[in-house]
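Only one structure is covered here, and it is reproduced in the block below.
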Amino acid sequence: MLTTTYIRDNKERVLQGLRIRNWTEDRLHIVDDIIAADDARKKEKTELDDMLAERNRMSKEIGGLFKQGKKDEANALREQVNALKDRAEKVENELNESRDRLEEMLLQLPNVPHPSVPAGTTEEDNEVYREWEGDLPELGDDAKPHWELAKDFQIFDMELGVKIAGAGFILYRKNGAKLQRALINFFLDEADRAGYEEVMPPHLVNADSARGTGQLPDKEGQMYHTEKDSLYLIPTAEVPVTNILRGDIVEEADLPIKFTGYTPCFRREAGSYGAHVRGLNRVHQFDKVEIVQAVHPDKSYAHLDEMVEHVAGLLNKLELPYRILRLCGGDIGFTSALTYDFESYSAAQKRWLEVSSVSNFETFQANRLKLRYRDAETKKVHLAHTLNGSALALARIVATIIENNQTPEGIKVPKVLQSYMGGLEILK
RNA sequence: GGAGGAAUGGCAGAGCUGGUUUAAUGCACCGGUCUUGAAAACCGACGUACCUUAACGGGUACCGGGGGUUCGAAUCCCUCUUCCUCCGCCA
C-alpha cells in the first residue's frame with residue numbers, strides 16, 4: 001500500500017506507474033479521489049481534535065468544581081459538554097467514513113513500477129534480462145517428459161496424490177522423495193552461506209499476516225482457508241517469514257535483515273487444467289526455499305541484484321540452463337516495484353518453466369506491515385524496503401532436473417546434490 | 001476440554017475504592033558535567049500514529065484487541081485474543 005504522503009508528493013509518478021500497468025485513462029481519477037478523501041480526512045480530524053480538546057478541558061473543570069462543592073455550576077457545565085459530544089459524534093462518523101473510503105481506494109492502488117519496468121501487457125512482453133549463453137540441451141526424439149520418467153524411475157506418483165488428496169497433489173516416492181530432501185538441504189545451506197538466518201515458520205497464518213504481505217485482500221482466492229479457525233495455508237514462505245518483522249521498528253544498524261526458510265506452499269490455482277499444467281508444472285502443493293530481506297531504502301536495488309545473483313548461482317551449480325526475465329507492466333505483481341523471473345529450460349517439453357521470482361517491494365509491503373527503521377543520525381523512523389525471492393521452488397526444478405538429465409539407464413544426479421543423497425549418482 | 005489468575009512505555013514494575021497521573025519509580029539507551037580515559041556520581045532528554053505550524057511549538061488518540069457506561073476510564077461493565085497455574089487428553 002502506498003502512503004498518501006507519497007501519492008501527494010509523487011502524483012505524476014503514480015499516474016505514470018498506473019499507465020505502465022495498462023490502466024486506462026478513465027480509471028486514473030482514483031489518484032485525485034484519494035487526495036480528495038485525504039483532504040476531507042484531515043479537515044475532519046482537525047475539527048474533531050479541537051472538540052475533544054475542549055471536552056477534556058471542560059471535564060477537568062467539572063472535576064474541580066465538584067471538589068469545591070459547586071454542584072450547580074458543575075451540572076450546568078455538564079450539559080454544555082453533552083451538547084458538544086453530540087456534535088463531536090457527528091464529526092467522528094464523518095471522519096470514519098472518510099478513512100474507510102480512503103483505505104478502500106488505497107487498497108486498489110498497486111505499487112509504482114520501477115523506471116526499468118518495460119511496457120507491455122502479457123508475459124510475451126517480458127524483457128529477456130539475461131539470455132542463456134550456452135547451447136540449450138538437445139535430447140533425442142525419444143526423450144520423455146518428467147511425468148513419464150517419474151513412473152520409470154520411481155520419482156513420484158500422480159495417481160496416489162489424487163487418491164490421497166486430489167488432483168494437483170503429488171506423492172513423491174523413493175528417488176523423488178530423496179531428491180526433494182536433497183534440494184531443500186542444498187538450498188538452505190547455500191542461503192546460510194549467503195548470510196540468511198534460517199527459520200522454520202508456521203505453515204498457516206492469520207488474516208493480519210496475509211494482509212501484511214498483500215495476499216489479502218488482493219489474492220483471497222489463491223489461498224486455502226480453514227473455516228473453523230479462520231487461518232490461511234501459506235501460498236509462499238514470504239508470508240510467515242516477512243511477517244516476523246510486522247510492526248517492528250528496527251535500528252538502521254541492524255539492516256539488512258536476511259531470513260531464509262523452507263516451507264511447503266499451497267495454492268488453489270482455480271481453473272487451470274490442460275497439457276501445459278501436466279505433471280509438476282503446476283500443483284496445489286510444492287516445496288520452496290524462500291529468501292527474504294528487509295533493507296535500507298537507498299540500498300534495496302543493490303540487494304535485489306545480490307538476490308538475483310544468489311539464485312543464478314544455484315541454477316549454475318545445478319547445471320541447469322536458465323534465463324532471467326524482467327517482468328513487464330502487464331505481468332508484474334500488484335505489490336512489486338520490480339520483479340525478475342527465472343526460467344529453467346525443460347529439454348523434453350521444449351519450453352521454459354518459471355522456477356523463481358525475485359522482487360523488490362520497496363515500501364509497499366512495509367507500509368502494510370508497519371515495518372520501519374530508525375535513522376542512526378536523525379533518530380527519525382522511516383519505512384524499510386522489503387524484498388523476497390524463491391531460492392528455489394522445487395517442483396519445477398525437479399521437472400527440469402529429471403528431464404534434462406535423463407538417460408535410458410536412469411536420471412543423472414547433479415554433482416552438487418550427490419553428497420546430499422548419500423553419494424548416489426544415478427536414480428533408477 | 002474444565003477451573004482459576006494475569007496482560008501497563010525497550011525491560012522490570014506501581015497505579016486498578018474513576019478526576020493535578022500530562023502513567024510513579026528503577027534499569028537500559030542517548031546527550032552533558034566531572035575525569036588523562038573509563039567507571040561511579042550528578043544533570044538533562046527519553047514512545048508511536050495522526051492533525052496543526054514556515055519554524056519553535058500546540059493538539060488528539062494509544063495502558064493486549066474491539067465495544068460500552070460516564071462530564072471524565074489504565075481504573076467500572078461486556079466481548080475476543082494471548083500468557084501463567086492446576087486438572088483432563090495427547091504426538
Side-chain angles (χ1 to χ4, degrees), chain A residues 1-9 34-106 200-212 216 226-232 240 243-255 257 294 363 365-384:
Chain A
M1 198 156 69
L2 299 174
T3 63
T4 50
T5 312
Y6 180 88
I7 296 168
R8 284 173 180 281
D9 295 347
I34 284 172
I35 293 171
D38 195 43
D39 285 340
R41 190 196 111 253
K42 285 185 177 191
K43 181 175 150 285
E44 287 148 7
K45 166 80 171 154
T46 307
E47 214 174 319
L48 179 64
D49 280 357
D50 287 346
M51 288 179 171
L52 292 177
E54 179 68 3
R55 183 204 65 181
N56 288 344
R57 199 189 56 72
M58 288 166 100
S59 291
K60 219 168 248 181
E61 205 176 323
I62 291 174
L65 290 171
F66 268 119
K67 267 193 183 150
Q68 297 168 40
K70 297 179 179 169
K71 270 198 175 169
D72 292 344
E73 285 180 49
N75 283 327
L77 208 50
R78 220 145 76 165
E79 280 182 32
Q80 281 186 45
V81 178
N82 275 328
L84 182 66
K85 270 172 67 178
D86 287 343
R87 284 185 284 137
E89 199 181 320
K90 266 187 198 158
V91 177
E92 192 179 1
N93 289 336
E94 286 168 18
L95 176 61
N96 287 335
E97 276 173 36
S98 297
R99 276 192 176 137
D100 291 347
R101 206 167 61 240
L102 181 63
E103 173 85 4
E104 195 193 320
M105 287 190 285
L106 286 172
M200 186 168 279
H203 297 168
L204 280 75
V205 295
N206 56 31
D208 283 342
S209 294
R211 205 171 295 121
L216 288 180
T226 68
E227 206 61 50
K228 276 192 175 171
D229 303 289
S230 201
L231 294 170
Y232 296 86
N243 271 281
I244 292 170
L245 299 167
R246 170 155 47 90
D248 285 0
I249 298 174
V250 301
E251 295 302 324
E252 183 178 345
D254 294 334
L255 299 176
I257 297 171
T363 61
Q365 281 185 335
N367 186 34
R368 286 203 191 177
L369 291 161
K370 296 290 169 269
L371 166 57
R372 292 95 88 208
Y373 70 94
R374 191 182 305 281
D375 187 288
E377 295 254 320
T378 65
K379 305 292 177 197
K380 289 233 162 60
V381 295
H382 305 284
L383 292 171

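Every chain is numbered from 1, with letters handed out A, B, ... down the list of sequences.
In the set B:U60, B:G72, B:A49, B:G72 carries the atom at the smallest distance from any side-chain atom of A:S59. Across B:U48, B:C71, B:U60, the shortest atom-to-atom separation from the side chain of A:V381 is found for B:U48. Counting only heavy atoms from C-beta on, A:K45 has its side chain closest to B:U60 among B:G19, B:U52, B:U60.
Note that CZ of A:R246 and CZ of A:R211 are 9.0 Å apart. Values are rounded to the nearest 0.5 Å.
Mapping A:E54 and A:R78 onto RNA chain B by nearest heavy atom places A:E54 closer to the 5' end of the strand. Across the interface with RNA chain B, nearest-nucleotide mapping of A:K379 and A:K42 shows A:K379 to be the residue nearer the 5′ end.
A heavy atom lying under 4.0 Å from RNA chain B marks the following residues of residues 81-100 of chain A, by number: A:V81, A:N82, A:K85.
Spacing of P atoms, B:A74 relative to B:U22, comes out at 9 Å, to the nearest Å. Nucleotides B:C87 and B:U8 are separated by 31 Å at their C1' atoms, to the nearest Å. With C1' as the reference atom, B:G26 and B:G15 are 16 Å apart, rounded to whole Å. Going from the P atom of B:A6 to that of B:U60 covers 32 Å, rounded to whole Å. For B:U79 and B:A61, the P atoms lie 27 Å apart once the distance is rounded to whole Å. Between the P atoms of B:G64 and B:A14, the separation comes to 14 Å (whole Å). Atom name P, nucleotides B:C71 and B:G13: the rounded distance is 37 Å, in whole Å. Between B:U75 and B:A23, the distance separating the two P atoms is 15 Å to the nearest Å.
Regarding contacts with the backbone of B:U48, a side-chain N or O of A:R374 is found under 4.0 angstrom from either OP1 or OP2. Contact annotation: A:N56 side-chain N/O to B:G72 OP1/OP2 distance is not under 4.0 Å. Phosphate contact (OP1/OP2 of B:U48, side-chain N/O of A:R372, threshold under 4.0 Å): absent.
Electrostatic pairing of A:D39 and A:R8 counts as a salt bridge here, judged by a charged N lying under 4.0 Å from a carboxylate O. Under the 4.0 Å criterion applied to side-chain N and carboxylate O atoms, A:K45 and A:D49 are assigned as salt-bridge partners.
Across all strands, A:I62 comes closer than 4.0 Å to base atoms (heavy-atom distances).
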Canonical and wobble pairing (Watson-Crick, G-U, under 3.5 Å) of RNA chain B, dot-bracket with |: ((((((((.[[[..)...(.....]]]..((((.......))))..((((((....)))))).[[[[[..)....]]]]])))))))....

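Atom CG in A:L52 sits roughly 9 Å away from atom P in B:C62 (whole-Å rounding). Note: CG (A:D39) to C1' (B:C51) measures 13 Å, nearest angstrom. Regarding A:R41, its CZ atom lies at a distance of 8 Å from the C1' atom of B:C51, rounded to whole Å. Residue A:N75 contributes atom CG, which lies 10 Å from atom P of B:C71 at whole-angstrom precision. Between A:D49 atom CG and B:U53 atom P there is a gap of 13 Å when expressed in whole angstrom units. One can place CD1 of A:I249 at 8 Å from C1' of B:G47, the figure rounded to the nearest angstrom. Nucleotide B:G72 holds its P atom 15 Å from the CE atom of A:M51, rounded to whole Å. Atom CD of A:E377 is separated from atom P of B:G31 by 12 Å (rounded to the nearest Å).
A:E44 places no side-chain N or O within 3.5 Å of a backbone atom of A:V91 that could act as its donor or acceptor partner. A:N206 places no side-chain N or O within donor-acceptor distance of the main-chain N or O of A:L231, the cut-off being under 3.5 Å.
Between A:Y373 and the options A:E251, A:H382, A:K380, a side chain to side chain contact (heavy atoms under 4.5 Å, CB included) holds for only A:H382.
Contact check for A:L204 versus A:D229: no side-chain heavy atoms found under the 4.5 Å cut-off.
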Side chain to side chain donor-acceptor pair (under 3.5 Å) evaluation trace for A:N56 with A:S59: CA-CA 5 Å; A:N56 288 344; A:S59 291; 5.6 Å; no

Worked verdict on A:L383 versus A:L371 for side-chain contact (heavy atoms from CB on, under 4.5 Å): CA-CA 6 Å; A:L383 292 171; A:L371 166 57; over 6 Å; no

Step-by-step side-chain contact (heavy atoms from CB on, under 4.5 Å) determination, A:E54 to A:D50: CA-CA 6 Å; A:E54 179 68 3; A:D50 287 346; over 6 Å; no

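For A:K60, the NZ atom counts as loosely surrounded, since its 6.0 Å shell holds 12 or fewer non-hydrogen atoms of other residues, nucleotides or ligands.
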